Amino acid sequence: MTRLDLARFPRLPFLAQPTPIEPLDGLMRHLGAALNGVRIFVKRDDVAGIGLGGNKLRKLEYLLGAAKAEGADTAITVGAIQSNHARLTAAASAQAGLACELFLTRSVPRQDPDYTGNGNRLLDDVFGATVHELPGEADSLAAAEARAAELKAEGRHAYVFPSGGSSPTGCLGYANAASEILAQAEAMGLTFAQIITANGSAGTHAGLVAGLAAMGLDPVLAKSFAVLAEENRARAEVLEKANATLALIGAERRVSPDDINLDGRHRGPGYGIPTEGMLEAVRLVARTEGKLLDPVYSGKAFAGLLHDVRAGLYPSGSSVLFLMTGGTPGVFAYKDTLAGRGA
Ligand SMILES: *Cc1c(COP(=O)(O)O)cnc(C)c1O
């Protein structure tokens, strides 16, 4: 088995790897014949490491590794008010000994205290970040760059990275994860027909595509369900970020739109807005597995997976792997949505 060698890129350890791969036995027992003979496994990127865990830690290992290597004293990033990426940047910066500043936009139409002050937003403060809140339409990355220039004039050194940590350097985290998954599958005697993730800022999917392509494998093995951008824009973003990551890795191969396996049908009315499918998925996995999906990302992606499995998309006897990407604090920001006592 080819493995990807990314050892030349500086990296800080924020989560123990490999993260576990587990079968969803309770869910599969519950679904029975509706599974159409498919086995569902999850990769637990939600439980390992610091800050309550999540996929952004894999990106932050390389982002803050690069920041430290260039002598930065401050990490600056952007996101929505309930950004998991912002919360994990705050936690990882604390551990790396960097100051952290977050530029958060009110891009989801909610003003209630669960959304504005609980969940991730509460943890940003607990982890000691300096938070700047901006209107939904503000250019937060421009504000972050302006702040970095201000700090530079004071003799400081800020490292700025985009929403979701999805720069080519951040995407290395999931290129590496692609290699990790293949090694684990081989050791477990499994072949996955699909590796499935939620797609917000496109870096997780792009990293997986880059990793698979760099190892000479078919990038359509990775599939994402877009929860932020509409389908065509999300596909273009994955394509661009995957190719930028391949360039950074030094691979010769480039991918084309046909290599990007992406489904935009489970996003619902918009980013951060609940859907029936999300609610069903979060409750089903909680009540058959004791595991938590999140209301913004993995809940909608898992709804997509359930739809595909029930529709018979995968041949009987095949195994699929769903990335549990974290987002647990989001549960507390969606109290009124999730609190319904009904099934
Ligand atoms: C950010 C995030 C994703 C999506 O990852 P991207 O790399 O931004 O596409 C999925 N799940 C959770 C819980 C996230 O926080």
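In this chain, numbering begins with 1 at the start of the sequence shown. Just so it is clear, the model here is predicted, and its values are computed rather than measured. Counting starts at 1 for both ligands and their atoms, in listed order.
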Query raised in the report: Just wondering, more than 12 heavy atoms not from Arg8 lying within 6.0 Å of its CZ?
Result: yes
Check ligand 1 for N or O atoms under 3.5 Å from a protein N or O and list each pair with its distance.
unit_1: ligand 1; atom_1: 5 (O); unit_2: Asn55; atom_2: ND2; d: 3.0
unit_1: ligand 1; atom_1: 5 (O); unit_2: Thr204; atom_2: OG1; d: 3.2
unit_1: ligand 1; atom_1: 7 (O); unit_2: Lys59; atom_2: NZ; d: 2.5
unit_1: ligand 1; atom_1: 7 (O); unit_2: Gly203; atom_2: N; d: 3.4
unit_1: ligand 1; atom_1: 7 (O); unit_2: Thr204; atom_2: N; d: 2.8
unit_1: ligand 1; atom_1: 7 (O); unit_2: Thr204; atom_2: OG1; d: 2.7
unit_1: ligand 1; atom_1: 8 (O); unit_2: Ser201; atom_2: N; d: 2.8
unit_1: ligand 1; atom_1: 8 (O); unit_2: Ser201; atom_2: OG; d: 2.6
unit_1: ligand 1; atom_1: 9 (O); unit_2: Gly200; atom_2: N; d: 2.7
unit_1: ligand 1; atom_1: 9 (O); unit_2: Ser201; atom_2: N; d: 3.2
unit_1: ligand 1; atom_1: 9 (O); unit_2: Ala202; atom_2: N; d: 3.0
unit_1: ligand 1; atom_1: 11 (N); unit_2: Thr325; atom_2: OG1; d: 2.6
unit_1: ligand 1; atom_1: 15 (O); unit_2: Lys56; atom_2: NZ; d: 2.9
unit_1: ligand 1; atom_1: 15 (O); unit_2: Asn84; atom_2: ND2; d: 2.8

Query raised in the report: Taking the six-membered ring of Tyr334, is NZ or CZ of Arg110 closer than 6.0 Å to its centre and within 45° of its axis?
Result: yes
Query - Residue list, side-chain contact (heavy atoms from CB on, under 4.5 Å) with Ala281, at least two apart or on another chain - result: Leu293, Phe302, Ala303, Leu306
Query raised in the report: What pairs with Lys335 under salt bridge (Lys or Arg N to Asp or Glu O under 4.0 Å), at least two apart in sequence or on another chain?
Result: Asp114
Query raised in the report: Cut-off 3.5 Å, side chains only: do Ser316 and Asn36 have a donor facing an acceptor?
Result: no
Going by atom type alone, with no hydrogens or angles, which donor-acceptor pairs under 3.5 Å involve a side-chain atom of residues 99-108 and a protein atom two or more places apart or on another chain?
unit_1: Glu101; atom_1: OE1; unit_2: His132; atom_2: NE2; d: 2.8
unit_1: Glu101; atom_1: OE1; unit_2: Arg147; atom_2: NE; d: 2.8
unit_1: Glu101; atom_1: OE2; unit_2: Arg147; atom_2: NE; d: 3.2
unit_1: Glu101; atom_1: OE2; unit_2: Arg147; atom_2: NH2; d: 2.9
unit_1: Thr105; atom_1: OG1; unit_2: Gly79; atom_2: O; d: 3.3

